[in-house]
Engineer: 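First, the structure itself, so that you have it in front of you.
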Amino acid sequence: MGSLTRAQEVAVDDGYSSDAVLYVNGVRRVIPDGLAHLTLIQYLRDIGLTGTKLGCGEGGCGACTVMVSFYNQHLKKTTHCAINACLAPVYSVEGMHVITVEGIGNRQLGLHPVQETLAQAHGSQCGFCTPGFIMSMYALLRSSKTPPTEEQIEEYLSGNLCRCTGYRPIIDAFRVFAKTEDSLYTSSSFTKDLADKFVCPSSGKPCSCRATSVNGCESPVVSTTHGRQQKLISFSDVDGSSYIEKELIFPPELLLRNPMPLHLYGFGGLHWYRPLRLEHVLDLKHRYPEAKLLVGNTEVGIEMKFKNAPYQVLISVTHVPELNKLSVTENGLEIGASIRLTELQNFLKKVIGERATHETSSCKAILEQLRWFAGKQIKNAASVGGNICTASPISDLNPLWMAAGASFKIIDFKGNQRTTLAKDFFLAYHKVDLTQNEILLSVFLPWTRPFEFVKEFKQAHPEERMILLLSLIGKNWDKHTLEDALLLLKDDIPLTEDAPGGMVEFRKSLTLSFFFKFFLCVSHQMNEKVQFTEGLHVNHQSAVMPYSKPSFNGTQCYEMTKEGTAVGLPMIHLSSKLQAHARILSIDDSLAKTSPGFAGLFLSKDVPGSNKIGAVIHDEEVFASEFVTCVGQVIGIVVADTHENAKLASRKVLIEYEERLPVLSIKDAVSCGSFHPNTERCLVSGDVEWCFQSGACDKIIEGEVHVGGQEHFYLEPHASLIWTVDGGNEVHMISSTQSPQKHQDCVAHVLGLPMSKVVCKTKRIGGGFGGKETRSAIIASAACVPAYLLKRPVKITLDRDVDMMITGQRHSFLGKYKVGFTNEGKVLALDLELYNNAGNSLDLSLSVLERAIFHSENVYDIPHIRFRGQVCYTNFPSNTAFRGFGGPQGMLIAENWIQRIAMELQRSPEDIREINFQSEGSVTPYGQELQNFTLRQVWDELKVSCEFSKARDAVDHFNINNRWRKRGIAMIPTKFGISFTTKAMNQAGALVQVYVDGTVLVTHGGVEMGQGLHTKVAQIAASSFNIPLNSVFISEAVMDKVPNASPTAASASSDMYGAAVLDACEQIKARMNPIATKLGHCSFTELARACYFERIDLSAHGFYIIPDIGFNFRDGKGTPFSYYTYGAAFAEVEIDTLTGDFQTRTADIVMDLGHSLNPAIDIGQIEGAFIQGLGWIALEELKWGDSNHKWIRPGNLYTCGPGTYKIPSANDIPTNFKVSLLKGAPNPKAIHSSKAVGEPPFFLAASVFFAIKDAIIAARAEENLSEWFPLDNPATPERIRMACVDDFTRPFASPDFRPNLSV
């Protein structure tokens, strides 16, 4: 695009303003010129409103949700809606009122009912996602004239992700608002007396505010508190209590202010225009042919941020009346290109209710498709025209426009208009029939005619869509037409083996499946209108039944074993260039040095101390010096005055490589002997070879299990702030880490300083799950170098895509098993080879392999066992700890061969499990005797709770009567060992200080990351001193107070740090006792003050070690675990065999947690772990560039954000979700008879995996297939669909087809 002359710029700017005004939380703000490059979240955080969180930067997680209010000129009323602040350009909210989480309530002025309800329901764990959920719910309440339904609440929360809670407590918390009585307008005398004295929130004029007025008044009354105008609302919660709360009103200035055309600037010469008239838009497009038109910035923003699209002119068309028209005509609907998708939804609902049924078939299809179109925040911002003109290959709506015969009206800069059919508009992927001087004006959607059918189908999994048009004009609607159409589609699907998105067989079969569904759906509808000869057989109705998710139901059962004032009670939670393997030839930073704000590029040569660090051995470079061994390996760090300037400068660093052959899978590593040194492990019990050869085994089976990896997807990315103190003599840092001590150690090592001069502090972190145990240290180690050398604070926060690409994930595994068993199902021998994918450094991979070995028998007593394992070296970023630490992988492999035995013997898998259960006194393969073995109690209680036999009969009955939907059930047990398997790490320290006012400050080495550690520790201290919980404060984990702290990991932190705190409390109590005896009955405050005057030391350091543990692989015997946490889960699922979609209908969990320290927190941990496990076994697939995914560049991660990597959402939780804690089972091995909870429940989600497989078995039985088949995790729709063999898969894959998996 050519540059404009000064005269041309003046002509363009004529009539435009640069005055940008908005309100934020009731405060008027003028946005200065020059910020067009900023998003709203950047602006908000720059002005100190950090409650709005940046989770992904692409509108996929909802952590950045805020509410915006604006006066809708079309509807003549104030509109409130939730949007993603990470996508919205700051100038796009000009003239609006932005409300953030800080604006609705806080601790000083009081919490809003939405906040209070969420806290009371234990709906916040790490807290990073909490502001987003609160603002989504708040926006729903503000936009609703009547109390929202439960379905509306779940819809509004669908754009928000949580990685901790499992969603149940969040949904339960917000359900209160669905049960609201009609009391939004209070009739109290207080309100009545004030009503005529205040300004209406919507109109800005005095009114009674009792009912909606012509001015759009929607609210009761307004009061003034702390200088802010607010309105009063009331609602009733579950028990009917009324709340009066103050709300920020829509500022009268904005209501009375006329919009102005805007022209503002941004970094790098970026122009931002907001014209108000169509002719101005056309003029700008003529002058700037390459300018991008935008409404919600949901696509352009992604292109500029992640693809570095060099757009220099942005034209916001939100205020152009001609582009915002919605009208009903005789022949159809006219939809303006700037209409938001939410507006379209509401409009279609209204039209469908008013028009004849046969006319609105296409309207219904589009409306239904919009239900699944991203989250509510995206639909509130994205426009119809933007979605069309992007011509995205994953568009949900464009195929429907074509199928419905829609036409697009196009206008050029001269005002000439033309119309083109949707089917002719899309030329290719991301290419449309628009010249640079044209824009899309509107969409015309014609009414459908009698016996004209438009039907939507969506499968969320494929990353790419196919658009195929099939003409059936003049054909009879019968089975012959179906057969002909399927034959045509089979031959015409344009997908090659290396097609972008992969899953070629799945996508081809899905096309046939969708047409078959359409055929059945049309046949069914025609049969309802006339007696149609091709009516739908009752067994086939399941293919066209719309799935309607029932209201969610959650149940929690536990007993409270109180200890002191707080323990045992459910207390509220306290709060580079992309080369996989290459040699670096040269690094050129000359262009970077000219970049704005550039402060320096720091490489390996600049490291003051050692450039080598590592979790166990120092095998990892902070900055790659000669070789890069994975995509994303850090070569250097660019420092600049802002985050954006640093990113810009880093892109200007030129690096020349010499490529080398990479190793990109476990199988490649095994075949070429690529292993980390000294990582071979072997564990033997009995004599496997003798057993196999003795004839004792009636059957022997062999097989492979491929276990997929998993991204941590903590909502808060890796971040560290590092600065020097005392002229550079000391270094301090605040880090998002599970191991502050590891940061202290690594930074000291890299800078050549003693650890005593390095301090790391961690207040709390937004989730970790193991991903911040060791990998966070490499980030801090890189950032400390410029901070130390420049003697300036340096802050580093990874973008979501970078975080996912470089910081490692859960290890993928390959398991090769050989199992011998009797005809009765008793397992006699197991020979297992395990390989895990470590990546390019060892990190914790050997320990992960060892724990996988320790858990590879799960809960089964097997006389003869041989476990062998090795850690593979590959050219991927180093994989690391993740909840379960290898245990789930070992147990999943075990349950695979258990399920296969059941199929071989035609027995129930649950029977095989029970036959082989360990028992009290059993000895594990590694020589540890099982004590206090409660698994059988847990299992039997679960069997009663889920009514297993009854559920089996009901599922079988359903499957007989439904051809295309199948249900399955499964029960899965778990036994998880508690303690670090490295003996030295099983220690903990704490510092407890009592003050003269009777309050207590506790400092310990553990990190609060949402698991409730601080809450439990505070409960222990409060109960020990017999004081209220609010008298105990836990500030932060800081390494100059509690040294040598072990990482917060292995589920052992409550055990260890709780015991250390109790030790310190008991020391102080022992000193206080003589004074207490003298004083007699007195308060703790009085006692503390008296001790002070008696010069009693009221500070103590507590310490605890886990006793009697230790294991040596050389001997093969020992006691690696202090005790075990036992659990079992039942799951029932329903699958759509034609698409692979599934829904978890029921999950029932029973866990033995001893005497729970805090049942509410523990149940939250169980639910959160289960849902995270559900992601691992069924939803979350990592796709790396390897031999199985040739369409991805070698070594690159394709799934590096929420757009391509799908973690569970609120829509994925079980419809019926029950959690029970085993009663009457105290644990003598841990504090207050409790048990660890963080990791053990994770594996129980395997019950969903095997329930899915049970449903697939029923589907294959329809095709007379009864033999065993492999199903790898995650059991994505692709794997489910392709395993459900039928006439639509056979043309493309064999019955034993195994979809590709990055392992």
Engineer: Has Lys305 got more than 12 heavy atoms of other residues, nucleotides or ligands less than 6.0 Å from its NZ?
Structural biologist: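 Yes.
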Engineer: Show the nearest heavy-atom pair for residues His80 and Ser143, with the distance to one decimal.
Structural biologist: O-CB, 3.4 Å
Engineer: Side chain of Thr342, backbone of Lys379: donor and acceptor closer than 3.5 Å?
Structural biologist: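 Side chain of Thr342 to backbone of Lys379, a donor-acceptor pair under 3.5 Å: yes, one is there.
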Engineer: Supply the atom-to-atom distance Cys61 SG to Lys53 NZ, rounded to the nearest 0.5 angstrom.
Structural biologist: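 Atom-to-atom, Cys61:SG and Lys53:NZ are 12.0 Å apart.
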Engineer: Is it true that a side-chain atom of Arg45 and a backbone atom of Thr50 form a donor plus acceptor pair closer than 3.5 Å?
Structural biologist: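 Between the backbone of Thr50 and the side chain of Arg45 there is a qualifying donor-acceptor contact (under 3.5 Å).
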Engineer: Step by step, would you call Thr39 with Cys86 a side-chain contact (heavy atoms from CB on, under 4.5 Å)?
Structural biologist: CA-CA 6 Å; Thr39 58; Cys86 73; 5.5 Å; no
Engineer: Closest approach of Lys652 and Pro596, non-hydrogen atoms and distance?
Structural biologist: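 Taking Lys652 first and Pro596 second, the nearest heavy atoms are NZ-CD, 4.5 Å.
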Engineer: Between Pro1208 and Leu161, which heavy-atom pair has the shortest distance, and what is it?
Structural biologist: O-CD2, 3.9 Å
Engineer: Can we say Glu94 and Arg257 salt-bridge, meaning some charged N sits less than 4.0 Å from an Asp/Glu carboxylate O?
Structural biologist: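 Salt bridge flag = yes for Arg257 with Glu94.
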Engineer: Looking at Phe128, does the NZ or CZ of Arg764 lie under 6.0 angstrom from its six-membered ring centre and within 45 degrees of the ring axis?
Structural biologist: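 No; the conditions do not both hold, so Arg764 does not lie above the ring face of Phe128.
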Engineer: Could you walk me through whether Phe250 and Thr79 satisfy the side-chain contact (heavy atoms from CB on, under 4.5 Å) test, starting with their C-alpha distance in whole Å, then the side-chain angles of each, then the deciding distance to 0.1 Å, before giving a yes or no?
Structural biologist: CA-CA 9 Å; Phe250 187 67; Thr79 299; over 6 Å; no
Engineer: For the residue pair Val747 and Ala780, what are the closest heavy atoms and their distance?
Structural biologist: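 Scanning both residues, the minimum pair turns out to be CG2-O, 4.1 Å.
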Engineer: Run the ring-centre check on His271 versus Tyr265 and record whether the distance is less than 6.0 Å.
Structural biologist: yes
Engineer: Go through the side-chain N and O atoms of Thr100 and Glu102 and say whether any donor and acceptor fall under 3.5 Å apart.
Structural biologist: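 On atom types as modelled, these side chains qualify, holding a pair under 3.5 Å.
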Engineer: Salt bridge check: are Glu253 and Arg28 linked by an N-O gap of less than 4.0 Å?
Structural biologist: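 Result for this pair is yes, salt bridge flagged.
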Engineer: How long is the straight-line distance from CE of Met260 back to NE2 of His263, given to the nearest 0.5 Å?
Structural biologist: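 Rounded to the nearest 0.5 Å, the NE2-CE separation comes out at 14.0 Å.
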Engineer: Applying side-chain contact (heavy atoms from CB on, under 4.5 Å), run through Met304 and Leu314 and close with a yes or a no.
Structural biologist: CA-CA 11 Å; Met304 294 180 71; Leu314 302 177; 4.2 Å; yes
Engineer: Restricting to non-hydrogen atoms, name the atom on Val317 and the atom on Ser338 that form the minimum distance, rounded to 0.1 Å.
Structural biologist: O-OG, 3.1 Å
Engineer: Please report the closest heavy-atom contact between Glu58 and Gly1203, naming both atoms and the distance.
Structural biologist: OE2-N, 3.0 Å
Engineer: Decide side-chain hydrogen bond (donor to acceptor under 3.5 Å, both in side chains) for Thr774 and Thr880; before the verdict, give the C-alpha distance in whole Å, the side-chain angles of both, and the deciding distance to 0.1 Å.
Structural biologist: CA-CA 8 Å; Thr774 59; Thr880 189; 3.2 Å; yes
Engineer: Can Lys763 and Glu716 be counted as an ion pair, charged N to O under 4.0 angstrom?
Structural biologist: no
Engineer: Which residue, Leu44, Leu38, Leu40, forms the side-chain contact (heavy atoms from CB on, under 4.5 Å) with Gln42?
Structural biologist: Leu38
Engineer: Specify whether Phe882 and His712 have parallel, tilted or perpendicular ring planes, treating 30° as the upper limit for parallel and 60° as the lower limit for perpendicular.
Structural biologist: parallel
Engineer: Going by distance alone, is a donor N or O of one side chain under 3.5 Å from an acceptor N or O of the other, for Ser736 and Lys772?
Structural biologist: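 Distance-only check passes for Ser736 and Lys772.
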Engineer: Under the criterion side-chain contact (heavy atoms from CB on, under 4.5 Å), I'd like the reasoning laid out for Phe602 against Tyr788: C-alpha separation, chi angles, the key distance, then a yes or no.
Structural biologist: CA-CA 11 Å; Phe602 297 86; Tyr788 184 73; over 6 Å; no
Engineer: To the nearest 0.5 Å, how far apart are SG in Cys1200 and CZ in Arg800?
Structural biologist: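 Going from the SG atom of Cys1200 to the CZ atom of Arg800 covers 11.0 Å.
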Engineer: Establish, yes or no, whether a centroid distance under 6.0 Å links the rings of Tyr16 and Tyr273.
Structural biologist: yes
Engineer: Would you please say whether a donor-acceptor pair under 3.5 Å links the side chains of Asn160 and Gln377?
Structural biologist: yes
Engineer: side-chain contact (heavy atoms from CB on, under 4.5 Å) with Ser383: which of Leu294, Leu293, Val295?
Structural biologist: Val295
